[in-house]
Amino acid sequence: MAYLCSLACLFLYGQLFSWPIISFASATSSLEAEALLKWKASFQNQTKNNLTSWGYNPKENTSPCNIWTGISCNTAGSVNRINLTNSGIQGTLYEFTFQSFPNLEYVDLSLNQLFGAIPPQITSLSKLIYLDLSYNQFSGKIPPEIGILNNLQALHLNENQLNGSIPQEIGQLKFLNELALQNNNLQGPIPDSLGNLSNLEVLYMQENYLTGAIPPSFGNLKQLIKIYLYTNQLSGSLPSEIGNLKSLVELCIDDNNLSGPIPSSLGDLTNLTLLYLFKNNLSGTIPKEIGNLKSIVDLELSQNQLNGSIPTSLGDLSNLEILFLRDNQLSGSIPQEIENLMKLTMLELDTNNFSGYLPQNICRGGSLQNFTVYSNHFIGTIPKGLQNCKSLVRVHLRGNQLTGNISEYFGAYPNLQFIDLSHNNFHGEISQLWGQCPQLATLRIAGNKLTGSIPTGISHATQIHELDLSSNSLVGVIPKNFGRLTSLVNLMLNGNQLWGPIPSEFGSLTDIEYLDLSTNKFNESIPVIFGDLLKLYYLNLSNNKFSQEIPFQLGKLVHMSQLDLSHNSLEGKIPSEMSSMQSLEKLNLSHNNLSGLIPTSFDEMQGLNDIDISYNQLQGPIPNNKAFQNSRVEGNDGLCGNVGGLKPCNHSVEHKHTSKKAFLIIFPILGILLLAFLTFALIERRRRKRSKKDSEIEGSDMHENFFSISSFDGRKMYGEIMKATNVFDVVYCIGTGGQGSVYKAKLPSGSIVAVKKFHQTLDGEEASREEFFNEISALTQIRHRNIVKFLGFCSSAHHSFLVYEYLEKGNLAAVLSKEHEANKLDWSTRVRIVKGVAHALCYMHHDCSPPIVHRDIKSSNILLHCDYEPCVSDFGIAKLLNPDSSNWTALAGTYGYVAPELAYTMKVTEKCDVYSFGVLALEVIMGKQLGDFVSSFSFPPTTYSNIFLKDVLDQRLPPATPQVQDELITILRLSIACRNSHPQSRPTMYMVSQVLSFQTAPSYKGADDITLEQLIKI
């Protein structure tokens, strides 16, 4: 009975004393909920974030614990974790009442759009263990008060816009084991106090503007596993104390200004797997102690001023896979011990002073992929070990003194993509086996002593983009089956003794851009089919035996920059059609038998700056073109004009051509009168149009010097931009294009904007003004998440500029071109970028009235948010498609992205953007910039069967998951459809957007081994 009484008493006791605890927890939870809702109310995108579950009902005392997205609580019901990573939040921390969360231990707000400064009140979170504010838009300085958070173990502030110096107070965080400050704008020296962080394991401070020396106190960080300091402005020598960091696995201090020797103490880092010291000013010899790094996998010391020889101890690095020593001043021979590196996959020794013989068994392990030793002084033969090294991908031996019969050293390589044997002393004939390298894209054997003919078997290597056999002693004709090399972009056969006609099969080389057949014995006529090679920008047929007339079809080569037909036996007139080659800069027609007048249409070729027409039989006046005033014209007795060495065009000559001269005089006079009348009418029309436009502008509270920007005081903002850019000082310029320059302006509020200032024009003010209003007209009606946000504009007598939001990641082209940045664009992110651009173009084409055609879609006009969300920018040449007006216009856009029909029709339609989108989508998948691939990787149906999916995808990324791979294949198929040469056969952007958004792609299991032809048929 007493026992039961005791239980009852205990029960009542517990009930009585639990009431106030429950009440207290409820009150705390209620205060925290109100604080969270107050913070949420300050967000700028209330409907676009992922916090729809956040709500509060005072009558129900709703608790946020484990119900609201990203909110977790302790057992007492108080918030202890906030995890809102990638939640679409756009706002600041100014309305976050830190003191309302006394038990908060974990905060992750990464991958959002938070901006403004980090408030010093964050130190109210005294129990904080984990803080991650990375991948946002925070600016200002790191608050020194952060050193009060003495329980902090992880601090991630990377990928923001923080500036100023790193506060010394961070050195007080004695429990910190992760410090990530990379990709900001931090300046000044690294605080010596960081050496107090005895528990630190990971230190990321790369890609800032840090200066000064690496503190010797770093030697105290015995727990450090990774140090990333690359791409800063650090100077001084490497402190020997780094050798104390016995736990270190990765050390990356590349791309700085470090000097002095490599300390021998680095040899004590026996756990090190990765050592990057490249792109500094390090000098002295490579210490032999480096051979103690038994765990090293990747050793890169390139682009320094190291001298001496390679220590033999490097042969002891049994786990070494990558050894880069290029661009130094190293000398001596390659130690035989290098052959012991059985796992070696990449060896780069180029641009040094090495001499002697190459190690003969360099590929003993059978894993060597990259072997580059160009621009040295090696002698002897090619290593025999390379002959059966089937793993080879890239071989570069250019510019040495290597000898031997070239046909005896190389076989068939299944993975070989690049080989350069140029400028050595090789002899013998070109092997048929090169045609058995299915991946071969570049083959260079120029400047040797090769004999014999070009083997027909080489045409089986259908992936070749560049073939350079120049400056040898090759004979015979060009094989007709060269027409199979449809991927060719650069072909150099100059400086040989080849003869015969150019085979008509050359017409299949539609991707070729650079063609040099000079200094041979080719004869007959220049093939008419050259006029169909529309991507040619360089053509050299000089010093041959070509005869007959210059084919007028060459005039179709509108991208031609240099054309040399000199030292042949060409005859007849210069075709007037050549004046259509508006990109032509250099023209050499000298030493031929050309006759007749120089076409007057050459007056219009404003790009010409170097002309040689000497030693022909030309007659008549020199064209009225600046380039002809400095041209070489001697050896043409019938020419006249105000050029040195020529007789003036006198009356006797004029009398000979009286009727023609009269026509040439009277017609221009009539033309001038007509032009004057049209000019007057046009000026009057534009004056009225401008008055109308100005009146419309004045109706929008804008006057002669007007400025408008959403939610800001216009006059104040104008002054702030002038001050922030120091009146558009070049220091603040972050990009320049044909229409204007873009400046980065940091305003007093802390926000950063991008200002596009249009170029001032002297003789084209009206056109410039039209272009300015054209972009405004397009921007003011656009509202889309994937189109850059337009903030305002200014037009005055002095400046015309537009103001946009500043996107910190820059443009897509720049990101793809940088190794570190491109690797951050994983496959899912790249799919998201392609989808975003597709949705933006769909909106412009189908949701705007009238539709807007961008006309210059390319990777450099795609800007990226911090989370790599894409935004289409630069509407300077956008075309508003008014159905009641003509869509004919001047050619605009960027070569490689421009739809082919624009070169002929000049008619702008939405399908022009569709074509450019197809090029862009392909660029994103391949990870290569415009100049690297667009012309060298097109998709005519004849090439589909030779291209595998695995060869298309960016090799810098790991393989995609099956689901993402299916999306990539869908994008690839859409890209091919968008780049159809017939505009009517291309899909609309609405169709593309729908497919990317809703269509469930079929499963392409095992697609790596499927050709594009097979994929398209699925």
Side-chain angles (χ1 to χ4, degrees), residues 189-190 203 205-219 221 224 226-245 248-270 272-293 295-317 320-332 334-335 338 346-354 372-376 819-820:
I190 300 173
L203 176 60
M205 295 195 294
Q206 71 269 21
E207 298 193 59
N208 281 287
Y209 300 95
L210 301 175
T211 56
I214 299 173
S217 63
F218 271 25
L221 307 178
L224 262 181
K226 295 182 181 181
I227 300 180
Y228 283 6
L229 299 174
Y230 63 82
T231 315
N232 279 287
Q233 299 171 14
L234 300 173
S235 57
S237 59
L238 270 171
S240 59
E241 288 83 356
I242 287 183
N244 298 333
L245 309 181
L248 204 60
V249 174
E250 296 182 5
L251 176 59
C252 301
I253 321 181
D254 49 283
D255 196 9
N256 279 284
N257 299 314
L258 299 175
S259 58
I262 299 174
S264 58
S265 61
L266 287 185
D268 297 331
L269 306 179
T270 54
L272 204 63
T273 63
L274 187 149
L275 176 58
Y276 284 179
L277 300 179
F278 63 88
K279 206 173 182 182
N280 279 287
N281 296 311
L282 299 172
S283 57
T285 60
I286 300 174
K288 65 179 184 303
E289 289 80 4
I290 294 289
N292 298 330
L293 304 179
S295 300
I296 196 81
V297 173
D298 192 347
L299 175 60
E300 303 191 20
L301 308 178
S302 301
Q303 295 174 276
N304 282 288
Q305 299 175 26
L306 300 173
N307 54 45
S309 59
I310 299 176
T312 57
S313 60
L314 291 191
D316 298 330
L317 303 178
L320 193 63
E321 297 179 8
I322 299 173
L323 176 59
F324 288 172
L325 303 177
R326 62 185 174 85
D327 292 292
N328 279 288
Q329 300 169 22
L330 298 168
S331 58
I334 308 302
I338 292 292
M346 297 188 181
L347 177 61
E348 292 188 1
L349 307 177
D350 35 280
T351 318
N352 279 284
N353 294 311
F354 292 122
T372 64
V373 297
Y374 65 88
S375 297
N376 279 286
E819 194 74 17
H820 291 298

*Evaluation steps, side chain to side chain contact (heavy atoms under 4.5 Å, CB included), between L251 and L272*: CA-CA 8 Å; L251 176 59; L272 204 63; 4.1 Å; yes
*When you look at T312 and L314, which way does the side chain to side chain contact (heavy atoms under 4.5 Å, CB included) test go after all the steps?*
CA-CA 5 Å; T312 57; L314 291 191; over 6 Å; no
*Before giving the answer on side chain to side chain contact (heavy atoms under 4.5 Å, CB included), spell out for E207 and Y230 the whole-Å C-alpha distance, their side-chain angles and the decisive distance to 0.1 Å.*
CA-CA 6 Å; E207 298 193 59; Y230 63 82; 3.7 Å; yes
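In terms of heavy atoms, G219 sits closest to L245 at O-CD2, 3.8 Å. Between P311 and P335 the shortest heavy-atom distance is O-CG, 4.3 Å. K226 and L248 make their closest contact through N-CD1, 4.0 Å (heavy atoms, listed as atom of the first residue, atom of the second, distance). L229 and F218 make their closest contact through CD1-CE2, 4.4 Å (heavy atoms, listed as atom of the first residue, atom of the second, distance). Residue P287 comes nearest to S264 through the heavy atom pair CB-CA, 4.1 Å, listed as atom of the first residue, atom of the second, then distance. Of all the heavy atoms in N281 and Q305, the pair that sits closest is OD1-NE2, 3.7 Å.
The distance from the OG atom of S331 to the CG atom of N307 is 7.0 Å, given to the nearest 0.5 Å. A distance of 11.5 Å separates NZ of K279 from CG of N304, quoted to the nearest 0.5 Å.
A donor-acceptor pair is defined here as one N or O able to donate and one able to accept, closer than 3.5 Å; such a pair exists between the side chain of N328 and the backbone of L301. Put simply, the side chain of N256 gets close to the backbone of Q233: a donor and an acceptor are under 3.5 Å apart. Side-chain atoms of N280 never come within 3.5 Å of backbone atoms of Q303 as a donor-acceptor pair (strictly under, hydrogens ignored). The closest donor-acceptor contact from the side chain of N292 to the backbone of I290 lies at 3.5 Å or more, if one exists at all. A donor-acceptor pair under 3.5 Å is absent between the side-chain atoms of D350 and the main chain of S375, judged by distance alone. No donor-acceptor pair closer than 3.5 Å links the side chain of S240 to the backbone N or O of P263. Proximity of a side-chain donor or acceptor of T273 to a complementary backbone N or O of S295 within less than 3.5 Å is not detected. Between the side chain of D327 and the backbone N or O of T351, no donor-acceptor pair lies under 3.5 Å. Remark: side-chain polar atoms of S302 are paired, donor with acceptor, to backbone N or O of R326 under 3.5 angstrom.
Counting heavy atoms from C-beta outward, M205 and I190 have side chains that approach closer than 4.5 Å. I262 places none of its side-chain heavy atoms less than 4.5 Å from the side chain of T285. Taking 4.5 Å as the limit, some side-chain heavy atom of L293 sits within range of a side-chain heavy atom of L269. Proximity of N353 to L330: side-chain heavy atoms (C-beta onward) are nowhere separated by under 4.5 Å. Under the 4.5 Å side-chain criterion, counting only non-hydrogen atoms from C-beta, D254 is not in contact with L277. Counting heavy atoms from C-beta on, the side chains of F354 and V373 never come closer than 4.5 Å. In this structure the side chain of L258 reaches within 4.5 angstrom of the side chain of L238, judged on heavy atoms. You'll find the side chain of L234 stays beyond 4.5 Å of the side chain of T211, heavy atoms only.
Considering only residues two or more places apart in sequence or on other chains, Y374 meets the ring-ring contact (aromatic ring centres under 6.0 Å, His included) condition with H396.
Considering L274, I322, L275, T270 as possible partners of I296, the one that fulfils the side chain to side chain contact (heavy atoms under 4.5 Å, CB included) test is L275.
Y276 and D255 are not linked by any side-chain donor-acceptor pair at a separation below 3.5 angstrom, with hydrogens and angles left out of the test.
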